Amino acid sequence: MRPWEVAAPLVRAAQRGDALAMDDLLKLITPYVTRLCASIAPADTADAVQESLLAVFRGLRGLRDPVACYGWVRAVTVREAVRVARRTGAETPADPEQITRLRDLLPATGTELTAEVRDLLARLPVQHRTVLVLRELEGLDERTMAELLDIPEGTVKSRLSRARSSFRKAWTR
Amino acid sequence: MNGPDRIARLQVLAAGLRAPLYAELRLELPFDRVWAVVADLEGELPHLISFVREFRVPAGDSELKQAEAVDVLGLRGPFEVRLRPGWCLMQSRLVTMGMAAEPDGGGTRLAVCGALRPAALGPVQRGYRRLIGERRARAFFREVERRARLR
């Protein structure tokens, strides 16, 4: 069974106020939310996770299509994680450099990042980190990312390009 | 990193339930003593919650149990109970209650939340939040602490 197929009946029950279903849903989505937050807000992962989960559960009753649960959880989590990461804001922008495929350096979707990759991501600015995580780990296309982050598609492209360069630069350093 | 602790998880559930009652407090007693009171639902719940006269829980170690509550008016109602160390959720057709605890140095952080089940009652719940919620929570913590000290 796919994760969203497990989630859908729990979401429906949780929307009716079933606390045990909420408990199960919380357990189901916490690893996913934690993985996203650890990539986007590495310095404040615990805060980002908690704020994301609070936002998800506050908004749960308004979710019309329970099968779309994971996409929605992702959107809420990215928004909250970016907000938390910006709050602390200790960021060092890097310049574009050489070109190789980033995907080779990153594990397949669904696996844990290595400590080294996580450390590299942590050194990128929040904006760059976010587009990299969404593109390379979550496998989103540019249009979906633009909608999720509420920025033009062109901005996604340029951020992605700068982010890849920064990542490679840091990787080869 | 570790996931959210049990107190943080209860905060999330309280947000999802739009619970009018949510409170947490640090007690100067070790976790085991505090949780021994909370987890003894049959023996202690009638002392901790004013409108519960009896609470019957079937024996056994299973995490999920079907309990029965009798309120002060003598009305009976089935409750689903999920109980494990530091974590307790109880719900009937009408009420939901959650309790969570985490060791904190030599003391214990304890949190409680409560909500009425029918979503339509939400606005009413929120109206009484300050009045009922805070007083109930204070009384609950005071009683848990008093009974834990007696053990």
Side-chain angles (χ1 to χ4, degrees), chain A residues 7 10-63 66 69 72-73 76-77 80-81 84 112-113 115 118-119 122, chain B residues 1-22 24 62-67 78-100 102 109 111-126:
Chain A
L10 293 177
V11 170
R12 286 190 197 99
Q15 286 176 329
R16 291 192 299 268
D18 182 336
L20 299 183
M22 273 186 205
D23 191 22
D24 292 336
L25 184 65
L26 179 59
K27 198 171 166 191
L28 183 73
I29 66 169
T30 297
Y32 179 66
V33 168
T34 305
R35 207 174 64 225
L36 267 179
C37 288
S39 312
I40 296 172
D44 309 281
T45 305
D47 284 352
V49 169
Q50 184 66 2
E51 304 221 355
S52 301
L53 290 172
L54 283 169
V56 164
F57 277 78
R58 271 191 207 113
L60 199 59
R61 284 189 199 185
L63 176 64
C69 172
W72 177 72
V73 168
V76 173
T77 301
E80 293 300 317
V84 169
E112 286 289 317
L113 296 176
R118 227 176 15 235
D119 180 52
Chain B
M1 74 157 257
N2 298 326
D5 70 15
R6 291 182 287 255
I7 305 284
R9 288 168 55 86
L10 195 65
Q11 285 169 1
V12 172
L13 290 198
L17 292 164
R18 303 185 187 176
L21 188 157
Y22 175 84
E24 53 184 83
S62 82
E63 199 180 281
L64 189 63
K65 289 179 175 178
Q66 299 295 323
F79 264 81
E80 286 179 290
V81 178
R82 178 174 287 169
L83 179 66
R84 53 176 175 260
W87 188 251
C88 179
L89 291 179
M90 297 180 283
Q91 67 180 8
S92 73
R93 213 163 41 83
L94 298 173
V95 197
T96 304
M97 190 173 169
M99 295 176 281
E102 282 286 342
R109 283 162 64 224
V112 61
C113 87
L116 296 179
R117 271 306 276 284
L121 293 176
V124 182
Q125 298 197 60
R126 281 193 288 281

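Keep in mind that what you see is a predicted model, and the values were worked out from it rather than measured. Lettering follows sequence order; numbering is per chain, from 1.
How far CD of A/Gln50 is from CG of B/Asp5: 8.0 Å, rounded to the nearest 0.5 Å.
In this view, B/Phe79 and B/Phe55 satisfy the ring-ring contact (aromatic ring centres under 6.0 Å, His included) rule, not counting sequence neighbours. For A/Arg12, there are no side-chain hydrogen bond (donor to acceptor under 3.5 Å, both in side chains) partners at least two apart in sequence or on another chain.
Contacts with chain A were tallied for B/Gln91, B/Met90, B/Glu80, B/Arg9; B/Gln91 has the most, counting heavy-atom pairs under 4.5 Å.
You'll find the side chain of B/Thr96 stays beyond 4.5 Å of the side chain of A/Met22, heavy atoms only.
For A/Leu54, the parts lying under 4.5 angstrom from a heavy atom of chain B are both the backbone and the side chain. Using a 4.5 Å cut-off between heavy atoms, B/Leu10 does not touch chain A at all.
Each of B/Leu89, B/Val81, B/Leu13 was compared with A/Leu20 under the side-chain contact (heavy atoms from CB on, under 4.5 Å) criterion, and only B/Leu89 meets it.
Nearest approach of B/Arg82 to A/Asp24, heavy atoms of both residues: NH1-OD1, 3.1 Å.
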